[in-house]
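FYI, the numbering just counts along the sequence from 1.
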Amino acid sequence: MEFRWLLFVLISSSVVIITKSQTTTKDPDWSDVVVTMVGTEVTLPCVDWPLMGSVSINWKMKSPSVDHWKLVLSANERQQFSGAASKASMRLVDSNFQETGDFSLLFVPKMEDKGRYSCLIIQQEKKLREKIILLAVLTVSIFPSATLPQHSTLRLMADVSPASAISEVTWLSPGGTPLRLAKRTGGGVAKLPQIRPTDQGVYICQVYPKGNSSTHMFPFTVDLRVDGTQISMASLTQTPLTLACPPKRGDYVLLFWKPPDSRNTTTLVYGYDRWRDRTEQSKTHAQLSLDGPLSTPKEGFFSFLLSPGLNDGGLYMCEVFLNDNVFSQRTLLSILQVKARHSPSALVLTCQYTERSQVKRVVWSHQNQSRTLKWSSSGPGRLSTEVPLSPTQDTAGNYTCTMLLRNGQAVKAVYTVKLPPKDTHTVLHTFGGNGNRQACVFPFVFLGETYEGCTTEGRSDGYRWCSTTYNFDKDKKYGFCPNRENTESTTSVSPPHPESNSASLLPSLSALLLLVPLVAAVAGVLLWRQKDISRRGIEQSLSHYSGEVENIYENPEDVRQTSPQGSVYMDLKPRGQDDVYEELDR
C-alpha cells in the first residue's frame, strides 16, 4: 500500500515537472517569429487561400509591456482604415488580398514596434482565422567603429528584444569561420584583438528564432573596414608617384619595403623623427623622398614621393606613430617598362613588369586594332613581341603594352616604330665610306641601338657618319655626313679643299700667278711626305689632283686610339654640325 502511494506521488511529480518545462520552452501566444533591425523594412507573413464573398482583415499589435491590443490596420474589399497604432510606412503587401489570399503586413519598424501582432481574417462578419506573430528587434553594436584602427580590439555585440523570441546568436568572420562568443540573455559579444588589414570584410550575425518559425535563421551583415588598408597601384618606371601614409598627425614615421615577387622579410627604407628632426634612409632607395602631396613632416603629416625603377615595386608599409598609438597604410606597387633590342631579323619589344601577384593580365597591341600581334614570354614578368626590320606602313606605328591589375587599374607603355624618311629635298647624301655616296637612312641600327641622325659613335676621329641601310650591323654600309650648309644638297659632298680658303683671299689673278712657283714647291714637298707616310704605314694619305682631295676613312666599327701622325687623327670627341672637319689638314 505504501509502495503504491509512493509510486503515485513520483508519477504526479514527473507530470508536473514535464508540464512546467513545456510551458516554459514554448509560448502558446505566437505561431511565428520574425527578427529585424531598426530602420530595415520588414514583412509580417499572413497568407491564406483565396476567399469568396465579403472578406476583411484586421491587424492588431500588443507591446510586451501592456496587456491589451491596439488596432494597427483594417481593410476590406472596398477600402482600408488605419488604427491608432498604425505607422506611416504600414501597408498591406497586396491590396487585392481577397483574390490572392496574401494578407501580409509591411512596414519599417522602430524599437518600440517590437511585440506580438495579430492577423485576424474575417469572412461574412465571422472570425475565420487568426495568426499571432512575434516581432523581435536586433541591435548590433560595433566598437570602436565600423572603420577600425589597426592593432585595436574589435567588439561585436548583438542583442535581441524580446529575448524570449530567440534561441541562439552566432557571428561568422569574412572567411566563414565562427567567432568565439561570450553569450548572454538575448545575444552575446565577440572579440577580435589586434585587428589587421586582413580582418576587414563582411561579418555575419546569425539569429536563430525559438519555436516553430517559418524562417529557420535570420542573417544580418556588417561591413567592417580597417584604417590604413592596402592600396593597389601601378606605374611606369621613372614616373613620380605618391606613397600614401595614414592621414594622422604623428611624432615619427617609418616606411618599410618588401621587394617585389619575393618572400623576403620587410626592411626599413626611411624613417623620420620630427621632434629630433632626424632622418634615416636606406641607400637602396635614394630616389625616395618625404615630399609627397600635403606632406609637412615638421608638423607631423607625412607622405612619400618615389621615382621607381623596375625593381622598386613591391609592398610598402607606412607607419605613423603618435604617443603609444600606431597607424598603418600599405601600398602594393607594380612597375612596368618596355625595352627594345635588335636581333638579326627583327626588333624585339619586351614588356617587363614586377609584383605579379596583383597583375591580372598583360597584353601587346598595335595602333591598327585589326592587326594581331604574336607574343612570347622568356620568363615570369616578361612578354615580348617582334617587329620585322625595315618597317613598312603596316608594321610601323605605336606598340602599346597594357598591364591590368586585379582592382581594374591599368597602366600603358608605348613604343613607336618609325618609317624610314622618304626621298625629298632634305635627303642627306654621304661621301666616302663604302656606301657609294648613297643617302643616309634614318633611323638606322648600330650595335643594337637606334640612331635618328648622324653620329660619331664607333669612331675615334670625331667625324659624323650614318648608315646607308636600315641595319648597319647586318649590311655594314656607311658614309660620312656633310656639314650643315650641304644637308639639302642632292649631290654628293666632298671634303673641303685645303687651298680653297686661301685662294679666296687673293686680290686678283695676277697675285695668283705670282704664287704658282710657291704652289709647285709645296706640291713637291707634299709628294715627298706622301712617300714617307706610306713607308711608315699611316692609314691616311692625301693626293692632289687638279685641286680635288680624296680621304680614306676608317670603318665605324674599327675604333682605333692612335696618336695623330698624319693629316687625320682619331679623338673620340663628338663635334657640332658646324665644326666641319677642321682637323682634316693640320
Side-chain angles (χ1 to χ4, degrees), residues 232-243 259-262 285 287-288 305-314 316 331-420 441-453 455 457 470-474:
S232 294
M233 61 186 302
S235 176
L236 299 176
T237 54
Q238 305 307 318
T239 300
L241 59 91
T242 300
L243 295 176
D261 307 310
S262 71
H285 282 69
Q287 71 281 19
L288 182 69
L305 196 66
L306 175 67
S307 296
L310 179 64
N311 295 319
D312 290 330
Y316 289 85
T331 302
L332 192 60
L333 177 62
S334 293
I335 303 297
L336 174 69
Q337 75 171 8
V338 169
K339 285 288 189 178
R341 65 177 179 85
H342 288 83
S343 69
S345 60
L347 172 66
V348 181
L349 304 178
T350 301
C351 191
Q352 299 175 319
Y353 54 98
T354 57
E355 195 52 57
R356 304 185 302 273
S357 62
Q358 65 172 349
V359 177
K360 181 179 181 180
R361 184 171 63 251
V362 177
V363 295
W364 273 107
S365 61
H366 187 255
Q367 66 182 41
N368 182 2
Q369 298 296 328
S370 62
R371 186 177 171 215
T372 302
L373 301 181
K374 294 182 178 180
W375 311 334
S376 62
S377 177
S378 58
R382 300 173 65 89
L383 188 68
S384 301
T385 187
E386 293 188 356
V387 182
L389 294 181
S390 301
T392 63
Q393 191 71 35
D394 293 334
T395 60
N398 293 333
Y399 288 77
T400 303
C401 177
T402 302
M403 179 174 65
L404 181 65
L405 302 187
R406 299 185 188 277
N407 65 355
Q409 182 184 355
V411 63
K412 300 180 179 181
V414 179
Y415 188 91
T416 302
V417 176
K418 297 181 179 179
L419 284 171
V441 172
F442 299 123
F444 65 89
V445 179
F446 173 57
L447 296 181
E449 298 292 333
T450 301
Y451 293 84
E452 302 287 344
T455 181
E457 292 295 327
Y470 174 74
N471 192 340
F472 176 83
D473 295 340
K474 176 182 179 181

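- In this structure, OH on Y353 lies 13.0 Å from CD on Q337, to the nearest 0.5 angstrom.
- With sequence neighbours excluded, the residues satisfying side chain to side chain contact (heavy atoms under 4.5 Å, CB included) with S384 are V348, T350, S376.
- You'll find the side chain of H285 reaches within 4.5 Å of the side chain of Y316, heavy atoms only.
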*Step by step, work out the side chain to side chain contact (heavy atoms under 4.5 Å, CB included) result for L332 and S357.*
CA-CA 9 Å; L332 192 60; S357 62; 4.0 Å; yes
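- Within the structure, every pair that satisfies the disulfide bond (SG atoms under 2.5 Å apart) test and touches residues 335-418, not counting sequence neighbours, is listed here: C351-C401.
- In this structure the side chain of L305 never reaches within 4.5 angstrom of the side chain of L241, judged on heavy atoms.
- The ring-ring contact (aromatic ring centres under 6.0 Å, His included) pairs that include a residue from residues 389-413 are H366-Y399, where partners are two or more places apart or lie in different chains.
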*Would you please test L288 and L243 for side chain to side chain contact (heavy atoms under 4.5 Å, CB included) and show each step?*
CA-CA 10 Å; L288 182 69; L243 295 176; 4.1 Å; yes
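- Inter-residue side-chain proximity for L347 and V417 is flagged as met; some heavy-atom pair is nearer than 4.5 Å.
- Across every non-hydrogen atom of N311 and P260, the tightest pair is O-CD, 3.7 Å.
- Taking each heavy atom of S232 and L405 in turn, the nearest pair found is C-CD1, 4.4 Å.
- A donor atom on one side chain and an acceptor atom on the other are found under 3.5 Å apart for Q358 and S334.
- For T385, there are no side-chain hydrogen bond (donor to acceptor under 3.5 Å, both in side chains) partners two or more places apart in sequence or in a different chain.
- For the side-chain hydrogen bond (donor to acceptor under 3.5 Å, both in side chains) test, no residue two or more places apart in sequence or in another chain qualifies with R341.
- The minimum heavy-atom distance between P391 and L419, with the atom names listed, is O-CD2, 3.4 Å.
- The closest side-chain heavy-atom distance from V445 to F472 is not below 4.5 Å.
- Remark: the backbone N or O of N398 is paired with a side-chain donor or acceptor of Q367 at under 3.5 angstrom.
- Two residues are said to be in side-chain contact when any heavy atoms from C-beta on lie closer than 4.5 Å; Q352 and V338 fail this criterion.
- Among residue pairs with one or both ends in residues 381-394, none qualify as salt bridge (charged side-chain N to carboxylate O under 4.0 Å, His left out); sequence neighbours excluded.
- Put simply, the side chain of D312 does not reach to within 4.5 Å of the side chain of L310, judged on heavy atoms.
- Residues forming a side-chain hydrogen bond (donor to acceptor under 3.5 Å, both in side chains) with T354 (at least two apart in sequence, or on another chain): none.
- Shown here are the side-chain hydrogen bond (donor to acceptor under 3.5 Å, both in side chains) partners of N368, two or more places apart in sequence or in another chain: S370.
- Residues forming a ring-ring contact (aromatic ring centres under 6.0 Å, His included) with Y451 (at least two apart in sequence, or on another chain): F444.
- Under the salt bridge (charged side-chain N to carboxylate O under 4.0 Å, His left out) criterion, the residue pairs touching residues 354-368 are D261-R356, with sequence neighbours excluded.
- W364 places a side-chain N or O within donor-acceptor distance of the main-chain N or O of L383, the cut-off being under 3.5 Å.
- Residues satisfying the side chain to side chain contact (heavy atoms under 4.5 Å, CB included) criterion with S262, sequence neighbours excluded, are P259, N264.
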*Could you go step by step and tell me if V387 and L349 meet the side chain to side chain contact (heavy atoms under 4.5 Å, CB included) rule?*
CA-CA 8 Å; V387 182; L349 304 178; 4.1 Å; yes
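- Closest of all the heavy-atom pairs between S365 and L373 is C-CD1, 3.6 Å.
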*Where do L333 and I335 land on the side chain to side chain contact (heavy atoms under 4.5 Å, CB included) test, with the steps shown first?*
CA-CA 7 Å; L333 177 62; I335 303 297; 3.8 Å; yes
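- Summarising the geometry of L447 relative to D473, their closest heavy-atom pair is N-OD1, 2.7 Å, with the distance given to 0.1 Å.
- For E452, the side chain to side chain contact (heavy atoms under 4.5 Å, CB included) partners are K418, P443, T450, not counting sequence neighbours.
- When every heavy atom of M403 is checked against every heavy atom of L336, the shortest pair comes out as CE-CB, 3.9 Å.
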